[in-house]
Amino acid sequence: MCTIAMAMAAANIIAEAEAEQREQEKHGANQSETLLRWEREQMLLRENLITCNTEAWQSHPDFLGLQRIGGVDLSYIKEDDTVACASLVVLSYPELKVIYEDCHLVTINVPYVAGYLAFREVPVLVDAVQKLLEKDPCLMPQVLFVDGNGILHHRGFGVACHLGILTDLPCIGVAKNLLQVDGIENNDDHKEQIRELQSGGDFFNLTGSSGAILGAALKSCSKSSKPVYISVGHKISLETAVRLVHSCCQYRVPEPTRQADIRSREFLCKNRSQNI
DNA sequence: GCGACAG
DNA sequence: ATCTTGTCGC
């Protein structure tokens with residue numbers, strides 16, 4: 001009696017373990033399959049990328065004609081990495097006053113994988129832009145500042161490029177940390193170059209081992225010792241992007257990004273009861 | 001074992 | 001991304 005029950009229990013345990021094993025293998029296979037799929041998608045979308053100025057205001061010394069800049073951001077809660085607040089703000093230019101704000105809770109089931117940030121964050125941002133288009137097309141930004149990188153990326157197609165292609169909006173990647181790619185390193189040389197930046201607006205280009213200029217390190221305001229890393233997302237040149245970002249910096253992080261950041265965090269705090 | 005790792 | 005207080009300085 002006992003032995004039969006024990007054998008059955010053992011068989012169950014073994015069966016469960018085997019099922020678990022198959023599940024993990026399937027999961028593992030799916031993960032590498034997913035990465036390959038993502039990589040192919042980045043390569044395909046990259047064919048449509050435009051890395052020069054396309055709008056008249058971009059060439060103007062004072063960006064005459066530019067009236068609206070968008071900023072996007074996602075904030076997360078520590079308890080559950082599938083719960084986040086997505087925010088899209090639009091600021092008037094050159095006043096940099098918020099004229100549109102959209103914060104809302106989202107569920108995200110895609111993990112963060114370095115080099116594939118877009119697959120986690122871009123879908124909800126595209127939704128936010130779509131919502132603005134339907135609700136208030138007059139407030140559509142003429143350029144978007146995106147947290148993260150543009151072409152300064154393992155495969156030359158970071159989140160700012162991805163969002164630019166999917167929305168057809170000019171986009172600029174503004175990263176707070178250097179993504180070390182194509183021979184660009186945060187080494188002593190790099191740190192020395194940073195120390196040499198004198199005042200707000202000073203910058204140096206980031207040149208990959210291929211010789212291509214992939215981005216720039218910008219001392220965004222005179223007080224910040226740490227630069228922001230600018231790279232082309234879509235439909236704007238690096239020179240214009242650097243100039244424009246600097247013109248939006250009251251603090252280290254440019255105002256559109258900063259407002260999106262602040263407001264999405266506040267929204268999460270305010271709605272904390274619903275999150276947990 | 002060590003360093004890297006946008007958000 | 002998030003956790004997390006004060007502290008030193010202008």
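Just so it is clear: chains get the letters A, B, ... in the order the sequence lines come, proteins before strands, and each one is counted from 1.
Comparing dA1(C), dG7(B), dA6(B) by their closest approach to the side chain of Asn149(A) singles out dA6(B). Closest to the side chain of Leu179(A), out of dT4(C), dC5(B), dG7(B), is dC5(B).
For the pair Asp147(A) CG and dA6(B) P, the computed distance is 12 Å after rounding to whole Å. Residue Arg265(A) contributes atom CZ, which lies 12 Å from atom P of dG7(B) at whole-angstrom precision. To the nearest angstrom, P of dA6(B) lies 17 Å from CD1 of Ile230(A). When the P atom of dA6(B) is taken as reference, atom NE2 of His162(A) falls 18 Å away, rounded to whole Å. In this entry the distance linking CG of Asp81(A) with P of dC3(C) reads 13 Å, nearest Å. In this entry the distance linking CG of Leu163(A) with P of dA6(B) reads 19 Å, nearest Å. For the pair Leu206(A) CG and dA6(B) P, the interatomic distance rounds to 15 Å; values are reported in whole Å. Atom CZ of Arg120(A) is separated from atom C1' of dT2(C) by 12 Å (rounded to the nearest Å).
Counted by atom type alone, Asp188(A) and His190(A) present zero donor-acceptor pairs between their side chains at under 3.5 Å.
Atom CD in Glu255(A) sits 6.5 Å away from atom CG in Leu96(A) (nearest 0.5 Å).
In this structure, Arg258(A) forms no cation-pi arrangement with Phe145(A), as its terminal cationic atom is not both closer than 6.0 Å to the ring centre and no more than 45° off the ring axis.
Remark: the separation of the C1' atoms in dT2(C) and dC5(B) is 15 Å, to the nearest Å.
Aromatic ring centres of His162(A) and Phe119(A) lie closer together than 6.0 Å.
A sub-4.0 Å separation between OP1 or OP2 of dG7(B) and a side-chain N or O of Tyr76(A) is absent. For Asn177(A) and dG7(B), the shortest distance from a side-chain N or O to OP1 or OP2 is below 4.0 Å. For dA1(C), the OP1/OP2 oxygens have a side-chain nitrogen or oxygen of Lys176(A) closer than 4.0 Å.
Among the heavy atoms of the strands lying under 4.0 Å from Tyr116(A) is at least one base atom, whether or not backbone atoms are also near. Heavy atoms of Gly115(A) sit under 4.0 angstrom from at least one base atom. Looking at heavy-atom distances under 4.0 Å, Val159(A) makes contact with a base.
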Step by step, would you call Tyr251(A) with Ser224(A) a side chain to side chain donor-acceptor pair (under 3.5 Å)? CA-CA 8 Å; Tyr251(A) 302 98; Ser224(A) 68; over 6 Å; no
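Ring stacking holds between Tyr112(A) and dG7(B), with the centres under 5.5 Å apart and the planes within 30 degrees of each other.
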